[in-house]
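In what follows, a structure is listed as structure tokens, so that the remarks can point back to it.
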Amino acid sequence: MATSALAIATAKPLIHRFSNSKYTSSPSFSCFCSSSLRVPPPNEAKLSLKSKSAAKQCVVNVGVGLLAASILSFSPLEADATRIEYFATVGEPQCELNYARSGLGYCDVIVGSGVEAPRGELVNIHYTARFADGVIFDSSYKRARPLTMRIGLGKVIKGLDQGILGGEGVPPMFVGGKRKLQIPPNLAYGPEPAGCFSGDCNIPANATLLYDINFVGIYSGNAK
């Protein structure tokens, strides 16, 4: 009497095809299985059982592959999120600068509703820094985390201390606020170039710097 069995005619490895393009077709997964009706000889009985296990494994591999494809299809948008926020500061509303006696220019795009910047404490800020011609030379957004710094104690350039903490006619920033600063050379790095490495300097001498400041919050690790 004839009996049926699943025989693996071809057991090819799982094939993954990934495109280099970000939004082209999804990865494809292939598994080649075939079945036929025949009476296995006695010495092939164990082989048939193994073939059944191989077929089940093939189906499992396809399922795992489809799951991986669904995950990959969402990753490009998540990867771009930081970059979008990084360049978003270019499109922020402009505001008319006020000038302190020190020469610092400042104006608030958004006045925060939280607590004001505390002297000597660590605070978290996001920032984008530009030269006077608008060229970006640094930004915390591209590092995907805010900068933690201590204000009011000379740990940063004078223009940032005054522009965030306030003083000499400049109001303090509040948590949640966004402020634009125009920092003259005497409140920045002065007549010396800065950010130098192996003879190359990121900031030239006597540079006027433009900062977009986003006061994220007070650092939670401050001593109580």
Side-chain angles (χ1 to χ4, degrees), residues 71-72 74-100 102-131 134-190 194-197 202-203 207-224:
I71 294 173
L72 287 171
F74 289 102
S75 59
L77 291 177
E78 295 171 355
D80 281 351
T82 299
R83 178 169 294 188
I84 291 171
E85 189 174 10
Y86 170 43
F87 286 109
T89 56
V90 176
E92 285 183 354
Q94 297 297 313
C95 54
E96 185 176 353
L97 291 173
N98 303 295
Y99 290 91
S102 63
L104 177 70
Y106 66 95
C107 62
D108 288 315
V109 176
I110 297 175
V111 177
S113 58
V115 299
E116 70 177 65
R119 179 181 294 274
E121 297 292 329
L122 292 169
V123 298
N124 294 325
I125 67 162
H126 265 308
Y127 70 92
T128 299
R130 301 178 178 84
F131 296 119
V135 173
I136 296 174
F137 66 87
D138 192 19
S139 176
S140 62
Y141 290 105
K142 67 182 180 182
R143 293 185 289 274
R145 63 180 184 274
L147 172 69
T148 299
M149 66 180 195
R150 194 177 301 277
I151 57 171
L153 298 180
K155 301 296 184 180
V156 295
I157 59 175
K158 293 178 181 179
L160 288 178
D161 262 347
Q162 186 181 5
I164 298 173
L165 185 64
E168 298 184 31
V170 180
M173 286 191 72
F174 297 89
V175 171
K178 293 185 176 182
R179 175 173 288 182
K180 291 181 176 292
L181 300 175
Q182 179 179 294
I183 304 177
N186 63 300
L187 298 178
Y189 296 100
C196 300
F197 180 76
N202 194 28
I203 302 173
T208 295
L209 308 179
L210 308 176
Y211 276 81
D212 291 322
I213 304 294
N214 178 3
F215 190 178
V216 176
I218 310 299
Y219 178 61
S220 59
N222 283 308
K224 303 298 181 182

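The first residue in the sequence is number 1, and the count goes up from there. Excluded from the calculations below are hydrogen atoms, water molecules and symmetry mates; all remaining heavy atoms, backbone and side chain alike, are included.
- For the pair Lys158 and Ile183, the minimum side-chain heavy-atom distance is 4.5 Å or more.
- A distance of 4.5 Å separates OH in Tyr106 from CG in Asn98, rounded to the nearest 0.5 Å.
- Remark: Lys155 does not engage Asp161 in a salt bridge, criterion side-chain N to carboxylate O under 4.0 Å.
- Minimum interatomic distance between Val115 and Phe215 (heavy atoms only, all atoms of both residues): O-CE1, 4.3 Å.
- Residue Pro184 comes nearest to Ser102 through the heavy atom pair CG-O, 4.4 Å, listed as atom of the first residue, atom of the second, then distance.
- Partner of Lys180 under the side-chain contact (heavy atoms from CB on, under 4.5 Å) criterion, chosen from Leu210, Asp108, Asp212: Asp212.
- When all heavy atoms are compared, the tightest approach of Leu187 to Ile157 is O-CB, 3.7 Å.
- Between Glu121 and Leu165, every side-chain heavy-atom pair lies at or beyond the 4.5 Å cut-off.
- Side chains of Gln182 and Tyr99 form a contact here, defined as non-hydrogen atoms less than 4.5 Å apart.
- Across Gln162 and Ala100, no two heavy atoms sit closer than the pair NE2-CB, 3.8 Å.
- Residues Ser113 and Phe174 approach most closely at N-CB, 4.5 Å, considering heavy atoms.
- From Lys178, atom NZ reaches atom CD1 of Ile213 across 12.0 Å, with rounding to the nearest 0.5 Å.
- In this structure the side chain of Leu209 reaches within 4.5 angstrom of the side chain of Ile203, judged on heavy atoms.
- Taking both residues in full, the closest heavy atoms of Ala188 and Ala207 are given as CB-O, 4.2 Å, listed atom of the first, atom of the second, then distance.
- Side-chain contact check for Thr208 versus Pro185: some heavy-atom pair is nearer than 4.5 Å.
- Contact check for Pro146 versus Ile125: no side-chain heavy atoms found under the 4.5 Å cut-off.
- At least one donor-acceptor pair under 3.5 Å links the side chain of Ser140 to the backbone N or O of Tyr127.
- Among the candidates Glu116, Met149, Arg179, the single residue satisfying the side-chain contact (heavy atoms from CB on, under 4.5 Å) test with Ile164 is Met149.
- The structure places CG of Leu104 at 5.5 Å from CG of Leu181, a figure rounded to the nearest 0.5 Å.
- Arg143 CZ to Asp138 CG: the interatomic distance, rounded to the nearest 0.5 Å, is 4.5 Å.
- Val123 places a side-chain heavy atom less than 4.5 Å from the side chain of Pro118.
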